[in-house]
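A short write-up of the structure that comes next.
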There are 2 protein chains.
Amino acid sequence: MNAALRNTLNEFEKIPDDDWEFFQSILTTSTIKKGDFLLREGQICKGVYFVILGSARAYLSIDGREVNTSFYFEESFISDFESLTNDLPSKKSIQVMENTNVIFIPKIKLLALYEESTSFQTLGRKILEQVVILEQQYSSLFTIFLPKERYEHVLENHPNLIQRVPLQFLASYLGVARETLSRIRKRVT
Amino acid sequence: MNAALRNTLNEFEKIPDDDWEFFQSILTTSTIKKGDFLLREGQICKGVYFVILGSARAYLSIDGREVNTSFYFEESFISDFESLTNDLPSKKSIQVMENTNVIFIPKIKLLALYEESTSFQTLGRKILEQVVILEQQYSSLFTIFLPKERYEHVLENHPNLIQRVPLQFLASYLGVARETLSRIRKRVT
DNA sequence: CTCATTTTGTGACGATAGTCAATTTAAGTT
DNA sequence: AACTTAAATTGACTATCGTCACAAAATGAG
């Protein structure tokens with residue numbers, strides 16, 4: 001059941017068997033129904049989710065309008081770091097886009113695990129390094145590309161996004177109006 | 001001489017004295033002349049710089065045009081994570097904007113230190129967590145704000161940037177043409 | 001201080017994306 | 001399958017930004 005998570009973690013850092021045993025004991029698995037929330041604006045994020053099957057989105061509510069900031073699919077980690085690491089009320093909501101199976105990793109337990117296991121500490125650092133890289137690539141979308149080019153670049157590099165995310169959510173993620181994205185898509189395809 | 005660095009690190013995690021002693025031994029301090037480079041496109045980034053005094057910018061060269069992706073001032077860490085963590089040729093160049101004093105922390109030594117010291121490992125993780133948060137705030141500039149609002153938001157939250165970065169560099173960082181930024185600044189001020 | 005170079009500011013124009021409104025298409029429910 | 005609701009598309013119009021060309025201001029070197 002947790003095999004997908006172990007495989008993903010092993011790509012970053014090999015986990016010794018006994019570390020893994022303890023790690024498993026802090027995990028809880030659950031199924032979230034389409035439209036339900038992993039985190040709501042104002043709540044304090046208490047841990048990290050791992051997506052076994054399904055998808056989710058993170059968004060900001062800006063005077064009534066929803067601005068999508070991230071999308072998550074199988075084998076990815078979901079959290080709001082701003083809330084999680086500094087215990088601040090989240091500015092974002094995280095909502096599941098379809099029925100989704102997740103593993104929950106509580107922050108308190110994870111921090112304790114870091115203290116005891118060097119390999120997990122290393123793991124946490126390596127995952128964060130990749131998150132930083134992805135975030136930088138995302139922001140450069142806006143500074144180096146025009147809207148149409150942003151779409152093409154995402155189509156090329158993250159086809160999941162284009163295939164599995166409804167246009168209404170994708171638009172704000174790409175920084176364009178829904179109508180504009182619709183027109184871009186017609187021209188490109 | 002390294003006091004500024006120690007102070008900064010202590011805000012993340014207290015460093016035991018003996019850990020600090022060893023850490024100091026891997027550091028080298030240098031002065032970089034205005035316009036010189038800490039990293040050039042195509043090179044592999046070999047470590048992290050800490051700014052004691054001065055400033056720097058990171059930029060991408062996109063068909064002749066320079067797109068600035070980050071600015072660095074006193075007490076901040078400079079690196080290209082995409083190159084550093086995965087040993088890839090850097091897409092970015094990092095150039096000093098004025099005569100700048102930096103401390104260099106070599107990656108190889110730092111990784112060795114991580115293996116031996118839990119507090120440094122934790123430190124590395126905590127710094128990365130804050131980097132992720134900053135990067136996410138940067139990308140949301142583009143999705144939630146119009147150009148004029150981006151300028152005002154940066155003016156409010158990172159006044160250093162507005163005061164110390166030439167307009168020609170700021171423009172691409174904010175995703176607008178130089179002329180547009182010039183006009184925004186006239187209206188806002 | 002003067003000259004040369006770089007940086008910033010301005011004006012005019014065209015291209016592009018945003019907005020509003022209406023329609024078509026798709027999805028979900030009973 | 002029929003109905004309802006939501007999502008995507010399309011058209012018309014406007015606002016905004018980018019581009020090009022040039023002028024003014026600031027910076028730096030001799």
Side-chain angles (χ1 to χ4, degrees), chain A residues 33-36 54-57 59-68 71 95-100 140-155 161-189, chain B residues 33-36 54-57 59-68 71 95-100 140-155 161-189:
Chain A
K33 288 210 183 104
K34 175 175 179 173
D36 282 357
S55 59
R57 67 182 180 115
Y59 66 90
L60 296 163
S61 291
I62 309 292
D63 42 62
R65 188 171 62 106
E66 289 180 359
V67 176
N68 293 94
F71 298 103
Q95 185 188 39
V96 144
M97 296 194 291
E98 53 195 315
N99 291 349
T100 297
S140 68
L141 270 186
F142 300 102
T143 52
I144 73 186
F145 294 128
L146 299 170
K148 181 173 59 181
E149 298 168 329
R150 278 176 227 157
Y151 178 82
E152 290 167 342
H153 189 266
V154 172
L155 185 61
L161 274 180
I162 307 292
Q163 290 158 6
R164 295 179 62 182
V165 176
L167 180 141
Q168 54 165 172
F169 295 154
L170 250 189
S172 62
Y173 179 81
L174 295 176
V176 295
R178 285 192 303 279
E179 296 90 333
T180 303
L181 181 55
S182 177
R183 290 179 176 113
I184 287 171
R185 191 162 64 169
K186 190 172 59 168
R187 290 207 162 275
V188 169
T189 312
Chain B
K33 289 211 183 104
K34 175 175 179 172
D36 282 357
S55 59
R57 67 181 180 116
Y59 66 89
L60 296 163
S61 291
I62 309 292
D63 42 61
R65 187 171 63 106
E66 289 180 359
V67 176
N68 293 95
F71 299 103
Q95 186 188 39
V96 143
M97 297 194 290
E98 54 195 316
N99 290 349
T100 297
S140 67
L141 269 186
F142 299 101
T143 52
I144 73 186
F145 295 129
L146 299 170
K148 182 173 59 180
E149 298 168 329
R150 279 176 226 157
Y151 178 83
E152 290 167 343
H153 189 266
V154 172
L155 185 60
L161 274 179
I162 307 293
Q163 289 158 7
R164 296 179 61 183
V165 176
L167 181 142
Q168 54 165 174
F169 294 155
L170 251 189
S172 63
Y173 179 81
L174 295 176
V176 296
R178 285 191 304 280
E179 296 89 335
T180 302
L181 180 56
S182 177
R183 289 178 176 115
I184 287 171
R185 191 161 66 168
K186 190 173 58 166
R187 291 205 161 277
V188 169
T189 313

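This is a predicted model, so every value here is computed, not measured.
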Rounding to an integer number of Å, can you tell me how far [X] [atom1] sits from [N] [atom2]?
| X | N | atom1 | atom2 | answer |
| --- | --- | --- | --- | --- |
| A/E66 | D/dA7 | CD | C1' | 14 Å |
| A/M97 | C/dG28 | CE | P | 14 Å |
| B/F169 | C/dT6 | CZ | P | 13 Å |
| A/L167 | D/dA7 | CG | P | 11 Å |
| A/F145 | C/dA17 | CZ | P | 15 Å |
| A/R187 | C/dT16 | CZ | C1' | 11 Å |
| A/R150 | C/dT16 | CZ | P | 14 Å |

So, for A/L60 and B/S140, which heavy atoms are closest and what is the spacing to 0.1 Å?
->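 Heavy-atom minimum between the residues: CD1-CB, 4.3 Å.
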
Nearest non-hydrogen partners of A/G35 and A/Q95, listed with the distance |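 That closest heavy-atom pairing would be O-NE2, 2.9 Å.
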
Do NZ/NE/NH1/NH2 and the carboxylate oxygens of A/R185 and A/E152 come within less than 4.0 Å?
->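 Looking at A/R185 and A/E152, the cut-off is not met.
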
Only one of A/N68, A/L181, A/L161, A/I184 forms a side chain to side chain contact (heavy atoms under 4.5 Å, CB included) with A/L174, so which one is it?
->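 Of the listed options, the one satisfying the test is A/L181.
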
Cation-pi check, B/R57 onto B/F71 ring (under 6.0 Å, within 45° of axis) |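 Cation-pi check for B/R57 and B/F71: fails.
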
C/dG9 phosphate, OP1 or OP2, under 4.0 Å from B/R185 side-chain N/O =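 Answer yes for this pair, as a side-chain N or O of B/R185 is under 4.0 Å from OP1 or OP2.
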
A/K186 side-chain N/O to D/dT9 phosphate OP1/OP2 under 4.0 Å |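 So the side chain of A/K186 is outside the cut-off, no N or O lying under 4.0 Å from OP1 or OP2 of D/dT9.
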
Produce a footprint string for nucleotides 12-30 of chain D: one letter per nucleotide, 5' end first; B if the base is under 4.0 Å from any protein heavy atom, S if only the sugar-phosphate is, - if neither.
-> B----SBBB-------S--

Under 3.5 Å side-chain donor-acceptor pair for B/E66 and B/S61 =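 Result is no, nothing qualifies.
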
